[in-house]
Amino acid sequence: MSAQPFLPDNTVEAPGKRAPLVLGGNDFASVTEKVCGIVERPRPPRAWYVAFAISSALTALLVAVVGYLFLAGIGVWGLNIPVGWGFDITTFVFWVGIGHAGTLISAILFLFRQKWRTGINRFAEAMTIFAVMCAGMFPAIHTGRPWFDYWLFPYPNQMYVWPNFRSPLLWDVFAVSTYFTVSLMFWYTGMIPDLATLRDRATTRVRKIAYGVLSLGWRGSGRHWHRYERVYLLLAALATPLVLSVHSVVSFDFAVAQLPGWHSTIFPPYFVAGAIFSGFAMVITLLVPVRAFFGLKDLVTTRHLDNMAKITLATGLMVAYAYGVEFFMAWYSGNPFERFALANRALGPYAWAFWIMIGCNVVAPQAFWFKKARTTPWMLVGVSVLINIGMWFERFVIIVSSLSRDYLPSSWGYYKPTWVELCTLAGSFGLFMTLFLLFLRFGPMIAMAEVKSVMPAAGLERGPHHGHGQYWGEIPHQHDPQKGDARP
Amino acid sequence: MSEPRAVTAAAGPRRWGYLAEFDSVDALLAAVEKVRDAGLVRFDAYAPFPVHGLDESMGLRTSRLPLVVLGGGIAGAAAALVMQWWMNAFDYRYIISGKPFFGLPVAIPITFELTILLAAVGGFLGLWVANRLPELYHPVFASARFRARATTDSFFVAVQADDPKFDAAGTRLLLEVAGARQVEEVEDE
């Protein structure tokens with residue numbers, strides 16, 4: 001879009017100095033101008049229309065194939081005994097996992113006082129919301145009679161029965177719906193000051209009313225900010241264990257079962273690491289083109305990308321370690337069924353999927369050891385796309401290879417998806433991208449208020465104040481030899 | 001956000017207070033401290049982002065909202081435990097794979113989720129109740145400069161006329177001496 005000024009390299013570490021997080025000589029007004037300008041353009045750029053046409057066509061496809069599924073029944077999918085979970089649950093776990101990076105960036109990095117999160121958190125949280133929406137759809141449609149999905153919830157009913165709380169599948173209902181609700185509140189709370197900015201700049205009546213109502217009349221009062229920061233910190237503190245619990249509960253769906261290849265205590269941490277790994281890969285995949293396209297390289301800097309690639313690498317190594325431990329435990333347990341399940345995974349009929357997983361999840365992220373790969377946009381996107389593919393296959397391998405060959409060889413089988421399942425998978429990406437493109441068009445995609453709060457003019461260097469929920473508590477005694485700071 | 005309202009009341013416009021504009025965070029903090037030290041209590045500061053140390057300069061007491069969050073969490077945990085016990089072990093007992101009707105370890109995931117859920121809902125709703133939002137109209141919005149810049153890059157201090165220590169000339173002077181770029185009188189209907 002707009003020509004970028006020369007931006008200095010902020011990935012270099014200078015001891016005792018914070019690297020700048022906003023480049024290009026921006027001040028408060030230009031940050032507002034830049035972020036609001038994207039939303040206020042009378043028409044989005046042509047590429048947006050092209051992307052929107054494709055994604056909404058895929059969404060229409062999703063509606064069509066899900067409608068067909070409802071009319072014809074689950075038989076239109078390739079699922080049959082012994083494989084009762086296939087693309088549906090694989091894709092569910094995939095999308096829930098994608099969401100985790102958004103919460104990690106918005107909540108966990110907030111608690112760890114990582115100021116660089118301010119440039120990307122809004123974007124990543126939006127991704128969380130939309131990914132969890134896509135995820136929630138799959139368990140809903142994979143039940144044989146989806147019009148009875150409300151039976152999942154404990155409500156007084158004329159049948160006088162209650163759901164079975166001893167089942168991890170019900171825990172999942174609570175975990176995913178809590179996760180969605182809390183993420184939505186966290187996202188909306190964070191967005192209110194920025195919606196107020198859009199309201200104040202609105203020129204049309206529709207925009208004035210829409211942003212006016214959405215921003216609740218926010219006026220930036222110091223008394224409001226005081227409570228706001230308090231609650232934002234608490235929401236972050238609540239979202240942090242929540243995000244770790246969600247994929248743990250998802251993993252219980254498998255770990256609590258008796259099936260070899262599923263029945264494993266390593267699953268909760270293994271799933272959480274994998275979720276964050278895949279989620280960061282998705283953030284990078286989306287953010288690199290968006291920042292280039294909308295001219296946001298001075299707000300989402302190379303340092304942001306570098307940091308995200310480092311987290312991707314770290315969680316990728318955890319995932320690789322978990323793969324290793326699974327094999328070790330299968331061998332060390334001495335359980336012949338467990339040994340068979342893992343050998344079958346690597347060498348059996350689904351070995352092709354297993355080796356795609358290893359190639360994408362273990363080999364590909366090693367590129368991020370090199371700074372060149374962490375800072376070159378096309379390399380970042382390339383590796384991230386591979387990781388996304390690999391993480392989808394990870395869930396496929398765990399679910400399908402374990403189910404297809406369990407204890408009794410006479411009931412083994414081989415699962416193949418039908419065209420309906422392939423279209424549903426593609427359609428879920430369409431739904432995700434459609435929601436995302438609408439957000440880019442109508443919402444503040446960068447948390448302006450938060451970015452401003454980490455800019456030098458916000459007075460970060462003013463001295464130590466701690467413990468009031470202000471996460472930008474500065475390094476208290478910055479060593480600056482030029483000022484003759486006596487502290488070592 | 002909207003145009004200043006036409007004044008129709010027979011009594012005419014009532015002075016709501018002064019709105020002073022400041023250029024920087026440092027000027028805002030210095031001014032707020034002066035206003036606070038002058039003994040004024042019905043004042044507020046406005047900033048486009050959370051300003052580090054503003055609550056201390058304004059002399060705000062620590063918010064009690066964390067107690068609401070704690071209350072929500074306790075309510076969520078209690079509700080979840082009672083619900084699971086009552087539904088599966090009391091109201092309609094049925095045997096599933098020989099599992100006990102109620103067991104604490106099995107009840108933990110849902111208890112945890114509902115604890116988080118109600119704590120977060122408590123904080124979220126408590127925040128808006130305590131802040132008295134949504135409130136789409138407020139006298140400060142009558143100022144064109146406020147509407148143009150308060151959520152972008154400018155800082156404001158408002159002192160209300162109903163403050164016991166408010167003095168039409170003295171308070172204006174206080175704000176001007178504190179370094180305000182301009183002091184504006186704001187009216188309310």
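Only heavy atoms go into these numbers, but all of them, side chains included; no hydrogens, no water, no symmetry mates.
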Which bit of [X] is near chain A, if near means a heavy-atom gap under 4.5 Å: side chain, backbone, both or neither?
{"X": "B:Thr152", "answer": "both"}
{"X": "B:Trp85", "answer": "neither"}
{"X": "B:Pro48", "answer": "both"}
{"X": "B:Arg61", "answer": "backbone"}
{"X": "B:Val121", "answer": "both"}
{"X": "B:Phe155", "answer": "side chain"}
{"X": "B:Phe156", "answer": "neither"}

Looking at [options], which has the largest count of heavy-atom pairs under 4.5 Å with chain B?
{"options": "A:Ala449, A:Ala239, A:Gly220", "value": "A:Gly220"}
{"options": "A:Ser245, A:Pro241, A:Ser221, A:Ser167", "value": "A:Ser221"}
{"options": "A:Leu234, A:Val182, A:Val31, A:Asn164", "value": "A:Asn164"}
{"options": "A:Arg201, A:Glu33, A:Lys452, A:Arg219", "value": "A:Arg219"}

Do A:Trp162 and B:Asn88 have side-chain atoms, one donor and one acceptor, less than 3.5 Å apart? no

Contacts table for residues 248-256 of chain A: side-chain donor-acceptor under 3.5 angstrom, sequence neighbours left out:
from, atom 1, to, atom 2, distance (Å)
A:Ser248, OG, A:Leu244, O, 2.7
A:Ser251, OG, A:Ser248, O, 2.6

Just to verify, which of B:Val68, B:Leu127, B:Val69 counts as forming a side chain to side chain contact (heavy atoms under 4.5 Å, CB included) with A:Val231? B:Leu127

Taking every heavy-atom pair that is under 4.5 Å apart, which of [options] has the most such pairs with chain A?
{"options": "B:Ala107, B:Ala80, B:Ala158, B:Ala130", "result": "B:Ala130"}
{"options": "B:Ile96, B:Leu114, B:Leu117, B:Asp44", "result": "B:Asp44"}
{"options": "B:Thr115, B:Leu65, B:Val32, B:Val140", "result": "B:Leu65"}
{"options": "B:Gln84, B:Arg149, B:Met58, B:Lys99", "result": "B:Gln84"}

Under 4.5 Å heavy-atom distance to chain B, tell me which part of [X] shows up: side chain, backbone, both or neither.
{"X": "A:Ile192", "value": "side chain"}
{"X": "A:Thr178", "value": "both"}
{"X": "A:Phe186", "value": "neither"}
{"X": "A:Leu235", "value": "side chain"}

Going from [atom1] on [X] to [atom2] on [Y], what distance comes out if it is rounded to the nearest 0.5 angstrom?
{"X": "B:Leu133", "Y": "A:Trp218", "atom1": "CG", "atom2": "CH2", "answer": "7.0 Å"}
{"X": "B:Phe124", "Y": "A:Leu238", "atom1": "CZ", "atom2": "CG", "answer": "13.5 Å"}
{"X": "B:Ser63", "Y": "A:Glu229", "atom1": "OG", "atom2": "CD", "answer": "11.0 Å"}
{"X": "B:Glu135", "Y": "A:Leu216", "atom1": "CD", "atom2": "CG", "answer": "11.0 Å"}
{"X": "A:Phe28", "Y": "B:Thr151", "atom1": "CZ", "atom2": "OG1", "answer": "13.0 Å"}
{"X": "A:Trp171", "Y": "B:Ile110", "atom1": "CH2", "atom2": "CD1", "answer": "8.0 Å"}

Min side-chain heavy-atom separation [X]-[Y] under 4.5 Å:
{"X": "A:Ser453", "Y": "B:His52", "answer": "no"}
{"X": "B:Trp128", "Y": "A:Thr189", "answer": "yes"}
{"X": "B:Phe102", "Y": "A:Phe165", "answer": "no"}
{"X": "B:Leu136", "Y": "A:Val213", "answer": "yes"}

Other residues, nucleotides and ligands only: do more than 12 of their heavy atoms fall within 6.0 Å of CZ on B:Arg64? no

More than 12 heavy atoms of other groups within 6.0 Å of B:Arg132 CZ: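 12 or below, so no.
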
Identify which one of A:His226, A:Arg223, A:Arg230 satisfies the side chain to side chain donor-acceptor pair (under 3.5 Å) criterion when paired with B:Asp55.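 The residue from A:His226, A:Arg223, A:Arg230 that satisfies side chain to side chain donor-acceptor pair (under 3.5 Å) with B:Asp55 turns out to be A:His226.
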
Keeping A:His224 on the side-chain end and B:Asn131 on the backbone end, is there a donor-acceptor pair under 3.5 Å? yes

Geometric cation-pi criterion A:Arg166 and B:Phe101, 6.0 Å radius, 45° cone: no

Which atom of B:Phe49 lies closest to which atom of A:Ala458, heavy atoms considered: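 Heavy-atom minimum between the residues: CE1-CB, 3.6 Å.
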
Could you report the tightest heavy-atom contact between A:Tyr160 and B:Tyr92, atom names first, then the distance?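 Heavy atoms only, the tightest pair is O-CD1, 2.9 Å.
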
